Amino acid sequence: MKSKVLLASLCLLVGMQAMGCAADKKGWEETPPAGEIVLPQEPELPQEEAPDVPVEPDIPAAPDAPPLVPIQPGTPVETPDTLISSTVNALQVRSGAGTKYAAVGSLDKSDMVMPLRKVGEWYEVYYKNSLGYVSGSYVRSVPFAKGGSIVERIIDEGKKQLGMPYVYGAPRYHWGNGKPNADFTGQSFDCSSYMQYIFKRGANVNLAMTSREQSLQGVYVARKDIRRGDLLFFTNATRYDKTGVERIGHVALYLGDNIILHTASDHAVIEPISAQRSAYYITARRLVD
C-alpha cells in the first residue's frame, strides 16, 4: 500500500514538472529571439526643433551608454538661415575684399545681408543683384529657423536685391495677373513691386500691384501667429487717418525674430521692425506655406 501511495505521489510530481516545462517552452516560443526584435523608430527632429530635456543633477549618466551614431555622408541636415548683421552705422559695402575697392553702398547698424563665403577677413555677400564685400570686423552672425522650401525660395530672391534703390511707383514686374511688364527694369523697387517681384520669381505667385490690393490676398493671420514668409501690412503718416484698406501704405515680408525684408525709404533691406513701424501695424496675410 505504501509503495502504491509513493508511486502515485512520484507520478504527480513528475506531471507538474512536465507541465511547468511545457509552459516555459511555450513562453519562449511566443517571444522571438532578442536579435529579431524590431523596435519602432522615433522620427528624428531637426536640430532647431529638438526639445531641451533637463538633466537631474543627482542622477549620474549611464556609464555604458552607447556612442552616438555619426551622420553618414549624403544625409541631409537642416541648417538655419544665417545672415550677417552690421554692428556699426554706415558700414561700407565694397566692390572687392579690401578697403582699396570702391564702395557700392552701405549698411546701417542692424541691417542684414546674406554671406556667400569668407574671403580673408571679408564676407562676400549678395548686394544689388551682384556681389559685394563687407569687413568681418563689423558684423555678427544672426541665425533664423527656416520655413518651407517655397518660402525659402521667395526669401532668397529678396536677398539678391538688397541695396536696390527705393523709388515710389517703381515699375511692376507684371500687371497683377502674371503678364510681364515690358517697362520693368529691375533697377528700383517700391514696397509692393518688391514683394510682387520676389513672390513671382520665387514661387510663381501673382501678387496684385499695390500694397492695398495685396492685403486682400491669401488668408488672414493674427499678429500673434505670424511666421516666416507672411506678408505684414502697415499704415504710414500720410494714411494714418484713413479707414479700411486705404489705411495701408506699406508691405514687408516677415523673416522671424521681429526682422523684416522690405524696401524702406532708401533701398531694399533686411532690418528689425522699428518701434514706429510696429505702432503702424495693420494686418498680416499668408499666401504660401
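Just so you know, these numbers come straight off a predicted model, no measurement behind them.
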Inset, instruction - State plainly whether the residues Asp289 and Arg227 are in salt-bridge range, i.e. N to O under 4.0 Å. - result: yes
Inset, instruction - Determine yes or no for a side-chain-to-main-chain donor-acceptor pair under 3.5 angstrom, with Gln217 supplying the side chain and Leu207 the backbone. - result: no
Show every donor-acceptor pair shorter than 3.5 Å between a side-chain atom in residues 114-121 and any protein atom, with sequence neighbours excluded, or say none if there are none.
unit_1: Arg117; atom_1: NE; unit_2: Glu124; atom_2: OE1; d: 3.1
unit_1: Arg117; atom_1: NE; unit_2: Glu124; atom_2: OE2; d: 3.3
unit_1: Arg117; atom_1: NH2; unit_2: Glu124; atom_2: OE2; d: 3.4

Legend entry - Arg153/Asp156 ion pair, N-O < 4.0 Å: no
Legend entry - Donor-acceptor pair between Ser192 and Arg172 side chains, under 3.5 angstrom: yes
Legend entry - Side chain Asp190, main chain Ser193, donor-acceptor under 3.5 Å: yes
Legend entry - Tyr194 (side chain) donor-acceptor with Val251 (main chain) under 3.5 angstrom: no
Legend entry - Test item: Gln214 side-chain N/O and Ala208 main-chain N/O as donor-acceptor pair under 3.5 Å: yes
Legend entry - Close side-chain approach of Met112 to Phe144, heavy-atom, < 4.5 Å: yes
Legend entry - Candidates Phe189, Phe199, Tyr197 - the one meeting ring-ring contact (aromatic ring centres under 6.0 Å, His included) with Tyr173: Tyr197
Inset, instruction - Sequence neighbours left out, what passes side chain to side chain contact (heavy atoms under 4.5 Å, CB included) with Ala237? Give chain and number order. - result: Tyr280
Inset, instruction - State, without any angle test, whether Thr283 and Arg247 hold a side-chain donor-acceptor pair at a distance under 3.5 Å. - result: no
Legend entry - Basic-acidic side-chain contact under 4.0 Å: Asp81, Lys159: yes
Inset, instruction - Return yes if some donor-acceptor pair links the side-chain N/O of Asn206 with the main-chain N/O of Gly176 below 3.5 Å, else return no. - result: no
Inset, instruction - Examine distances only and state if a side-chain atom of Gln196 and a backbone atom of His174 form a donor-acceptor pair shorter than 3.5 Å. - result: yes
